[in-house]
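Notes for the one structure printed next.
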Amino acid sequence: MSVFNSISYKNIARRPGRTIILVLLSALLCFSVTGGSLAITGLKEGLMSLRSRLGADVMVVPYAATTKTNFSNMILQGNPGYFYMDRSILDKIKDMEGIKEISEQYFLASAKAGCCSAKLQIIGFDPETDFTIKPWVKESYDGKLGKFEMLVGNDLNAFAGDTLTFYGKVCTVKGKLKKTGTYLDTAVYLSIASVKELLKSAEETGMVTNNNGDPDKLTSCILINVADGYTPLDVMSEINIKTRGVEAIQTQDMISGVAGQLESASRIISVLIIAIWLLAILILILAFTMIANERKKEFAILRVLGSSRKMVAGIILKEALMVNFIGSVLGAFAAIVAVLLVGEVSLTTFDLPFLLPGADKVALLALITVAASVAAGCLASSLSALKTSKIDTALILREGN
């Protein structure tokens, strides 16, 4: 028998108002589970991406920079900004014990570019010594960056072969990086030499007034990986004691703050999921019970016409299956759309890294939550189905008279 010719389908089609309410309840159940699960997954993926992109044990920056309120977000997530210190500090630090790898980066916040509606973070790195950006770069571009050649973040509307103009200099895009779930998705990466040329051009054209001195004698950040047998704390303490005007920071300490925020957000989302899940199931149980009580005479007539108790219970369960399936699919779809939007909100409003997994993982998670929601809805209806299958047919029909 076709589904559309079944008694169960005709019953739900005959009562559109009741059906819509049940579909919405099922959608709410699946929406909360799918949306919450995706939100938690996106936050955790964002944190993992942040850890992998930072890639250094210790970071050395000007002391004055650490007093800025946006310092952490700028370093960890690429909020547009810049600061400088004397480059001679690099020569002084690199000879200290316990340092395995050391490299520098140079920051510059650009004016608006043709690819975007906001300032960009321009990051210059040293291709010869870099150990944080190159591993990431290899995922999308395995060549070398020449003068005014760059890699762009995933959210920028620019692709390999395109050109962007910064401070009067035309820069060529050589590759597009994978999404990170942070503001680094709107950053651009060039060699330090190219970035310093951009700064000089900006000064010459009057677009930027640099009061920090000669760009060739400045750097923004020094990244360090410690050697075997040493700890980041050992190197950090040595630098802070022997070098004035700078602050050595253990990157893990910076990430722990973000991790704490993500843990709190995940905990709140989990509690909300459980609360909404329990409330939705309770409402579904009450709704199916009330509907079953209203239809007692209908089920009694089916029993008189020869339907077994199992068949009557089956009709109720099939109705619940159809309604919950439709509602769960709609709820899962709405949740995916909502999380895509909320992900951007979490990044711009709360400065939390957010990165959804691949489409295959999202689809798998949606299928699992749809199945769980349908099962929960059918479980809620099974109580009324069991009770209805045991009704006293003669008594119900006499009540009707």
If you look at every heavy atom in [X] and [Y], which pair is closest and at what distance?
X      : Y      : result
Lys176 : Gly153 : NZ-O, 3.6 Å
Gly124 : Val195 : CA-CG2, 3.5 Å
Val374 : Asn324 : CG2-O, 3.8 Å
Ala158 : Leu164 : CB-CD1, 4.2 Å
Leu29  : Ala376 : CD2-CB, 4.0 Å
Thr66  : Ile249 : CG2-CD1, 3.9 Å

| field | Donor-acceptor pair between Ser88 and Asp91 side chains, under 3.5 angstrom | value | no

Do side-chain atoms of [X] reach the backbone of [Y] as a donor and acceptor pair under 3.5 angstrom?
X      : Y      : result
Lys196 : Asp214 : no
Thr34  : Phe31  : no
Thr369 : Val33  : no
Ser201 : Glu197 : no
Asn240 : Ala248 : yes
Thr172 : Glu149 : no

| field | CA sep, side-chain torsions, deciding dist, call: Phe107, Ile122, side chain to side chain contact (heavy atoms under 4.5 Å, CB included) | value | CA-CA 6 Å; Phe107 301 146; Ile122 299 176; over 6 Å; no

| message | Within the supplied structure, the quantity of interest is the number of heavy atoms (other residues, nucleotides, ligands) at a distance under 6.0 Å from Phe325 CZ; does it exceed 12? | response | no

| query | Counting only heavy atoms not in Lys200, do more than 12 sit closer than 6.0 Å to its NZ atom? | reply | yes

So [Y] and [X], do their side chains get closer than 4.5 Å, heavy atoms only?
X      : Y      : result
Leu145 : Pro127 : no
Val23  : Val323 : yes
Pro357 : Leu365 : no
Val370 : Cys30  : yes
Phe125 : Ser103 : no
Thr41  : Lys44  : no
Asp57  : Val235 : no
Ile224 : Ile93  : yes

Gap between atom [atom2] of [Y] and atom [atom1] of [X] - 0.5 Å precision:
X      : Y      : atom1 : atom2 : value
Lys100 : Phe131 : NZ    : CZ    : 10.0 Å
Leu330 : Leu28  : CG    : CG    : 12.5 Å
Leu156 : Leu177 : CG    : CG    : 9.5 Å
Met85  : Ile222 : CE    : CD1   : 3.5 Å
Ser373 : Ile368 : OG    : CD1   : 11.5 Å
Leu218 : Ile192 : CG    : CD1   : 11.5 Å

| task | I would like to know whether Phe166 and Met150 meet side chain to side chain contact (heavy atoms under 4.5 Å, CB included); could you show each step before the answer? | result | CA-CA 12 Å; Phe166 299 107; Met150 63 184 179; 3.7 Å; yes

| task | Measure up the Tyr106 and Tyr84 rings against each other and bin them: parallel (under 30°), tilted (30 to 60°), perpendicular (over 60°). | result | tilted

| Is it true that Glu104 and Arg87 make a salt bridge, defined as a side-chain N closer than 4.0 Å to a carboxylate O? | yes

| task | Let me see the working for Leu198 and Cys171 under side chain to side chain contact (heavy atoms under 4.5 Å, CB included), right down to the final yes or no. | result | CA-CA 10 Å; Leu198 290 180; Cys171 301; 4.2 Å; yes

